Amino acid sequence: MSENASPSTLFSAFARAPIHFERGEGVRLYTSSGEEFLDFAAGIAVNALGHCHPHLVEALQTQAQTLWHVSNLYESPQQESLASRLCDNSFADRVFFTNSGTESMECAFKTARRWHHDNGAPERVDIITFEGAFHGRSLAAISAGGNEKYMMGFGPKVAGFNQVDFDDYDQLKAAITDTTAAILIEPVQGEGGIRPVSHQRLRELRELCEEHGILLIYDEIQCGIGRTGKLFAHQWVDGAEPDIMGIAKGIGGGFPVGACLATEKAASGMQPGTHGTTYGGNPLAMAVGNAVLDVVLEDGFLDQVMEKAIFLKQRLAELADSYPDIIEGVRGDGLMQGLKCKAVNTEVVAAFRDHHLLSVPAGDNVVRLIPPLTVGEDDMREAVEKMDAALMSMQNAG
Ligand SMILES: *Cc1c(COP(=O)(O)O)cnc(C)c1O
């Protein structure tokens, strides 16, 4: 627990839990006083391979002794390597590396608008998004996300983002106009409350985009990199590939890295001078990204994620049955599970933390369980025991 008495000189923008970690190993975090926590928050779906995975540590150390940074003024074999692996394993032909999810989305917005600009429809600038969406915290990203709380006090919305209900196809169809550039969706909403989009709907979005000559953008920043048991969540669905996709979080395993992936066609407008980044794709980030893919693309790794996910989901469903006054249900795909709460979700998160299990609140009164993909069955059993004890204490107090 924090014993820091002096006033903080940090922005107060985060409501931080009164705890600081000194060290991490696998699925576990340790405080300076040696308290152990089971980490089912994973840095908000970032530590895809847990803490201090030996392969990632080695990749970072080796790169750190060779070359840190040269900027994008020069060729980058490290970027070429990671980009071609991402393309070999997805719909994409082209990649732009960034430092964060927000920047990946910014690149996606610019790529989509530029494509229309270069193809005789400069008036096509609007991007349609969905209620509950989260795309980051820049001015464009909060305008895209449409969450009023995140907009408040930050001036006019960036123009060109329209939002429709999460699951209203007719409203969506009606929202497509002559100025629409793209549809943007998370195949599984994360921050919005672990809400998977149906496979049928993703296929319909693809068809709508074809019909209207507009682009389909996915935000797989949270649901990508093996989280659902495929490298990318939309790969569960045939005939629903995007034109552009933002990734981040898991691809860096804890090192800040993101990317915007696109087809050859969609990326065609992004010629020299159109976009840039100083740090994006730096050799340290690329070394770690490549190391993450070494593990996630290993034969059988993603199959194991699916097996673990089935185990976790079953145990969570049993918990929900045992505490119907606190937990309403379980939803999600793969190792991206949400407990839809009847109690206040932040109180459930606090109770879990009191029992040394870390989780993350989400919208729609949901608690997110997003453990490292390397989590073991024993870890999951232990996590469920901690949840059970926490929910029992809430029930007895309640
Ligand atoms: C985390 C997240 C972002 C923003 O990523 P940052 O790295 O925080 O900028 C965008 N979209 C989704 C779906 C996310 O989960």
Side-chain angles (χ1 to χ4, degrees), residues 11 13-14 16 40-48 96-112 127 129-147 149-151 154 158 161 163 166 182-197 202 216-228 232-234 242 244-261 277 279-282 285 288-289 292 332-338 359-364 366-373:
F11 267 40
F14 297 106
R16 297 171 189 273
F40 275 46
I44 318 188
V46 164
N47 301 97
F96 184 98
F97 288 106
T98 70
N99 311 289
S100 69
T102 302
E103 290 167 278
S104 303
M105 294 321 300
E106 186 74 20
C107 181
F109 303 155
K110 287 178 69 175
T111 302
I127 296 174
T129 68
F130 295 82
E131 178 267 320
F134 181 75
H135 302 297
R137 292 293 202 119
S138 69
L139 286 171
I142 56 178
S143 302
N147 184 331
K149 243 177 35 195
Y150 293 165
M151 278 304 305
F154 297 118
V158 172
F161 295 97
Q163 192 155 82
F166 180 72
I183 296 173
L184 163 62
I185 196 164
E186 297 155 76
V188 184
Q189 272 191 359
E191 170 111 2
I194 312 289
R195 288 198 290 183
V197 178
L202 289 182
L216 181 60
I217 308 174
Y218 286 155
D219 179 342
E220 289 227 17
I221 290 165
Q222 191 162 153
C223 61
I225 314 298
R227 196 54 40 209
T228 68
F232 299 111
H234 73 270
I244 303 171
M245 178 170 78
I247 65 170
K249 293 201 164 102
I251 186 63
F255 199 94
V257 46
C260 178
L261 281 60
T277 168
Y279 287 123
N282 116 351
V288 179
V292 167
D333 283 337
L335 287 177
M336 190 175 179
Q337 293 294 326
S359 58
V360 192
D364 199 28
V366 164
V367 172
R368 267 180 279 186
L369 298 163
I370 39 182
L373 308 181

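One-based numbering, in listed order, for ligands and for the atoms of each. Bear in mind the structure is a predicted one, so any value in this text is a computation, not a measurement. The residues of the chain are indexed from 1 along the displayed sequence.
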Quiz prompt | Ring centroid separation Phe161 to Phe109 under 6.0 Å | solution = yes
Self-check item: Residues Leu184, His135; criterion side-chain contact (heavy atoms from CB on, under 4.5 Å); working and verdict
Solution: CA-CA 9 Å; Leu184 163 62; His135 302 297; 3.5 Å; yes
Quiz item: Looking only at N/O atoms, are Met105 and ligand 1 under 3.5 Å apart anywhere?
Solution: no
Quiz item: Nearest protein heavy-atom contact for atom 2 (C) of ligand 1: which residue, which atom, what distance?
Solution: Lys249 NZ, 2.6 Å
Quiz item: Looking at Ser100, which atoms of ligand 1 are within less than 4.0 Å of one of its heavy atoms?
Solution: 7 (O), 9 (O)
Quiz prompt | Which atom of Ala182 lies closest to which atom of Ile217, heavy atoms considered | solution = CB-CD1, 3.7 Å
Exercise. Kindly assign one of parallel, tilted or perpendicular to the pair Phe134 and Tyr150, based on the angle between their ring planes and the thresholds 30° and 60°.
Key: perpendicular
Quiz item: Relative to atom 8 (O) of ligand 1, which among Ile44, Val257, Thr102 owns the nearest non-hydrogen atom?
Solution: Thr102
Quiz prompt | Per-atom contacts of ligand 1 with Gly136, taking only distances under 4.0 Å to non-hydrogen atoms | solution = 4 (C), 10 (C)
Practice problem: Could you tell me whether some N/O pair between Gln222 and ligand 1 is separated by less than 3.5 angstrom? | Solution: yes
Quiz item: What residue and heavy atom of the protein are closest to atom 3 (C) of ligand 1, and at what distance?
Solution: Phe134 CE2, 3.6 Å
Quiz item: So which protein heavy atom does atom 7 (O) of ligand 1 come closest to, and at what separation?
Solution: Gly101 N, 2.8 Å
Exercise. For Cys107 and Cys260, work out which heavy atoms get closest and say how close.
Key: SG-CB, 3.6 Å
Exercise. May I ask whether His135 places a heavy atom under 4.0 Å from ligand 1?
Key: yes
Quiz prompt | Protein contact of atom 11 (N) of ligand 1 - nearest heavy atom, named by residue and atom, plus distance | solution = Asp219 OD2, 2.7 Å
Quiz prompt | CD1 on Ile142 to CZ on Arg137, rounded to 0.5 Å | solution = 7.5 Å
Quiz item: Is any side-chain N of the basic residue among Arg195 and Glu131 closer than 4.0 Å to the acidic one's carboxylate O?
Solution: yes
Quiz item: Which ligand 1 atoms does Glu186 reach within 4.0 Å, using its non-hydrogen atoms?
Solution: 13 (C)
Quiz item: With no hydrogens and no angle check, do the side chains of Thr98 and Thr277 hold a donor and an acceptor under 3.5 Å apart?
Solution: no
